[in-house]
S.K.: 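This is the structure, below, for whatever I ask next.
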Amino acid sequence: MIERVFPALARLNEEQHAAATFEGDQLRILAGAGTGKTTALTARVAWLVDSGIQPERIMALTFTRRAAREMVHRTATLLAESSASTRSRRRSRVLGGTFHSVAHRALRRHAAAVGLPEGFSMLDSGDAADVVDMVRDEHGVAKAGRRFPRKATLLDVYSRAVNTQRPLSVVIDEVAPWCVEHLEAIADICRGYVARKRLLGLVDFDDLLLYWRAAAADDRLGPRLASEIDHICVDEYQDVNALQVDVLRALRRTDPRLTVVGDDSQAVYGFRGASPRHLLDIATVFPSIATILLERNYRSVQPILDVANAISDGAPEGFMTRLHTTAVDGARPQLVRCGDEDAQVDAVCDRILAHREEGIALREQAVLVRAAHHSDLLELELSRRRIPYVKYGGLRFLEAAHVKDLICLFRLADNPRDELAWFRLLQLVEGVGPVRARRAIEALGVDQPGTDAEILMRWPLAAEQLPAPSRRTADAFIVALRRADGESIGAHGERLRDALSPLIAAAYTDASARLADLDALTTAAHSAIRLSDVAADLTLEPPSSTGDLAGEPAIDEDWLVISTVHSAKGLEWDVVHVLNAADGNFPSDMALTSKEGLEEERRLFYVAMTRPRRHLHVYVPLRFHYRPRGRDDDHTFGQPSRFLSEHVTQCFDTSTATCAESPPVVSIDAGIRVGVELEALWS
DNA sequence: CAGAGCCGCCTTTTT
DNA sequence: GGCGGCTCTG
């Protein structure tokens, strides 16, 4: 019996079991929140492995990093479990990750074949905006004196056009109609942006997918890539965009085997060009695909599902799935009206600690917010009460200036054409500003034909553009950039760090913490194949704190989770606190310009409501400060979220939180995690 | 020309 | 509060 070999299968219900052991080539699993999507998908991976496919020939893809991590982790656990009970199969993992990280791995192996330099530079969104801005400046649009879209807007329309595979004019009509008069100029800038990246060996997030698709569609390379994979699994398929569908189609053109899982009522990445239509209409791309529905919820007690279903009732077209469970008993969700944001913060902390007294650990509780900054006040109070927490979606390690500096050095070591990195690096030198940096880069000729080595040989010319006292420092960087014969990657990384360290030490009073960050980065270089990989990995998978980079600090420590709703998708906790359920915050007023925007907010609200297993608390502050951190007392009155209709509110017990005078400072366990304290450091 | 300092603007979600 | 763009000074 296969169940004896696979305990995982025995734990599944009938539908999940049918999905996991489906014998056909192509399967779509449509499943509501908490119905065991990932369980079914990971069980399917285990089943595929048992039926003879090697794990590393199964590709597991998702859109978000957290979902990818979850999936990779769960399949690894399951495979370890099954290999322990069967023959001693060698430990191996599925080929998994986000679309972007898997694309990156493929491109590093086949860079030359798709026309990329070996050590291409990976741009984060800030870098990409800077490249757009360079092109924008060259077009002289600012001089025209007329209002012209800013770099962020330009990058947004460019990215949307690429990801939805629709013409720029259509995208602009839809998301930035006020830019229509500049269509021609914007198109020029997009072309210039593409050309510039190509010339300098730069790759942005969207390029990862574009090049991957090109590789998969190529007559020579495509079959090779396809032949390395027996089965592709895609989780959160409602979040894929047209470009990602293209990639899948190209990878599956000879071997059809594919499993996708998704829930149209949790589609919340429209702003990235995703559309739930790809899930619902998948048969237009993969005509022979079969469908299995999962509707029984295993996560939440019925009173919580009642809220979810009531929200679904409010959607103009309703959601496809209606959730039900056999766990009919349970606490009614709590709707907590708060006088203002301070009262909200107190109410949240009090309830968190009360649940903890009941025996629900902090790590079984989460605070969810629509926008990352919504938790700012709460974080202050948590620190004051010494309640440890980890925040997902806050300030990133990568955004700290000194980290970015070393990353740029790592990028330059492999790609001397990286104009962006040069521009940043040169300005680190005292006496060098934007003008001299630009002249030096001009002298290097990063955009001239020829070999990479020739660029560094032109350095003496570039140095002439710098004031004499600056040259020594700059020269030291150039020396460090050259990798010595037979030198290891780790040793090279150390020399680059040593070149940068004195500048960091001189520039900051808190230099020791920053130098420690550089050490952590350098350590990562020791196990890398290229320094540009270290840079790219950090861009694709930024750690949420220094602690993460150095390794998990204290494993048995208990901490609360704070997360954006977007990052919380696919996850669950015993207790969930949802903050700022007020109109303008949730739904965000930024999204209210279109009907689609509002519906996406509704699905996001639905995602938030379906995260808890046992306890749901929704907080509605009615009075807001205009400026969240402002010292003044300017405030405005808000309305409860429009999603909290009469029909929905009936599913809650409503209470009003009174403003506590001065809540006692309750100190628990160990101190705050490192990431928390670092936030202040990087301000 | 670099760099300090000031003013006004904005402020979502992720790879 | 924070950032980008601007002006003023050395």
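Chain A is the first sequence line, chain B the second, and so forth, proteins listed ahead of strands; every chain is numbered from 1.
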S.K.: Kindly state each residue pair satisfying salt bridge (charged side-chain N to carboxylate O under 4.0 Å, His left out) with at least one member in residues 584-600 of chain A, sequence neighbours excluded.
M.R.: Glu599(A)-Arg602(A), Glu600(A)-Arg603(A)
S.K.: Sub-3.5 Å donor-acceptor pair from the side chain of Ser383(A) to the main-chain atoms of Glu379(A), do we have one?
M.R.: yes
S.K.: Whole Å only: how far is the CG atom of Asp127(A) from the P atom of dT15(B)?
M.R.: 16 Å
S.K.: Determine whether any donor atom in the side chain of Arg370(A) lies under 3.5 Å from an acceptor atom in the base of dT13(B), or the reverse, and answer yes or no.
M.R.: yes
S.K.: With a 4.0 Å cut-off, would you call Lys37(A) and Glu236(A) a salt bridge?
M.R.: no
S.K.: Between Glu601(A) and Ala437(A), which is nearer to the 5' end of DNA chain B once each is assigned its nearest nucleotide?
M.R.: Ala437(A)
S.K.: Using atom types as modelled and distance alone, determine if a side-chain donor or acceptor of Ser101(A) lies under 3.5 Å from a backbone N or O of Gly97(A).
M.R.: no
S.K.: Quick one: ring-ring contact (aromatic ring centres under 6.0 Å, His included) partners of Tyr193(A), sequence neighbours excluded?
M.R.: Tyr158(A)
S.K.: Applying side chain to side chain donor-acceptor pair (under 3.5 Å), name anything that partners His104(A), two or more places apart in sequence or on another chain.
M.R.: Arg108(A)
S.K.: If you check every side-chain atom of Arg436(A), which of dA2(B), dT15(B), dT12(B) has the closest atom?
M.R.: dA2(B)
S.K.: In whole Å, what is the span from the NE2 atom of His373(A) to the P atom of dG1(C)?
M.R.: 14 Å
S.K.: Got a list of side-chain donor-acceptor pairs under 3.5 Å for residues 267-275 of chain A, not counting sequence neighbours?
M.R.:
from, atom 1, to, atom 2, distance (Å)
Ser275(A), OG, Arg277(A), N, 3.0

S.K.: Using the 3.5 Å cut-off, write out each protein N or O paired with an N or O of nucleotides 3-5 of chain B and the distance between them.
M.R.:
from, atom 1, to, atom 2, distance (Å)
dG3(B), OP1, Gly431(A), N, 2.9
dG3(B), OP2, Val432(A), O, 3.3

S.K.: I need the CG-P distance between Asp376(A) and dT12(B), as an integer number of Å.
M.R.: 12 Å
S.K.: Ignoring the backbone of Phe271(A), work out which of dT14(B), dT15(B), dT12(B) is nearest its side chain.
M.R.: dT14(B)
S.K.: Separation of His374(A) atom NE2 from dT13(B) atom P, in whole Å?
M.R.: 8 Å
S.K.: On the nucleotide dT15(B), are OP1 or OP2 found under 4.0 Å from the side-chain N or O atoms that Thr539(A) carries?
M.R.: no
S.K.: Can you name the residues that form a side chain to side chain contact (heavy atoms under 4.5 Å, CB included) with Pro467(A), not counting sequence neighbours?
M.R.: Arg436(A), Pro469(A), Ser470(A)
S.K.: Between atom CG in Asp133(A) and atom P in dG5(C), what is the gap in whole Å?
M.R.: 7 Å
S.K.: Just compare dT11(B), dT14(B), dT15(B) and give me whichever is closest to any side-chain atom of Arg150(A).
M.R.: dT11(B)
S.K.: Between dT14(B) atom P and Lys391(A) atom NZ, what is the distance in whole Å?
M.R.: 11 Å
S.K.: Grab the CZ-C1' distance between Arg272(A) and dT15(B) for me, whole Å please.
M.R.: 6 Å
S.K.: In dot-bracket form, how is DNA chain C paired, counting a Watson-Crick or G-U wobble pair only if both its distances are under 3.5 Å and using | for bases paired to another strand?
M.R.: ||||||||||
S.K.: Looking across every strand, which nucleic acid part, if any, lies under 4.0 Å from Ser101(A) by heavy atom: base, sugar-phosphate, or nothing?
M.R.: nothing
S.K.: Let me know, please, whether Leu604(A) or Val435(A) comes out on the 5' side of the other along DNA chain B by nearest nucleotide.
M.R.: Val435(A)
S.K.: Using the ring-ring contact (aromatic ring centres under 6.0 Å, His included) criterion, which residues pair with His100(A)? Sequence neighbours excluded.
M.R.: Phe205(A)
S.K.: Of all residues at least two apart in sequence or in a different chain, which pass the side chain to side chain donor-acceptor pair (under 3.5 Å) check with Ser265(A)?
M.R.: Asp263(A)
S.K.: What is the distance from CZ of Arg65(A) to P of dT13(B), rounded to the nearest Å?
M.R.: 13 Å
S.K.: Are Thr98(A) and dT14(B) close enough that a side-chain N or O sits under 4.0 Å from OP1 or OP2?
M.R.: no
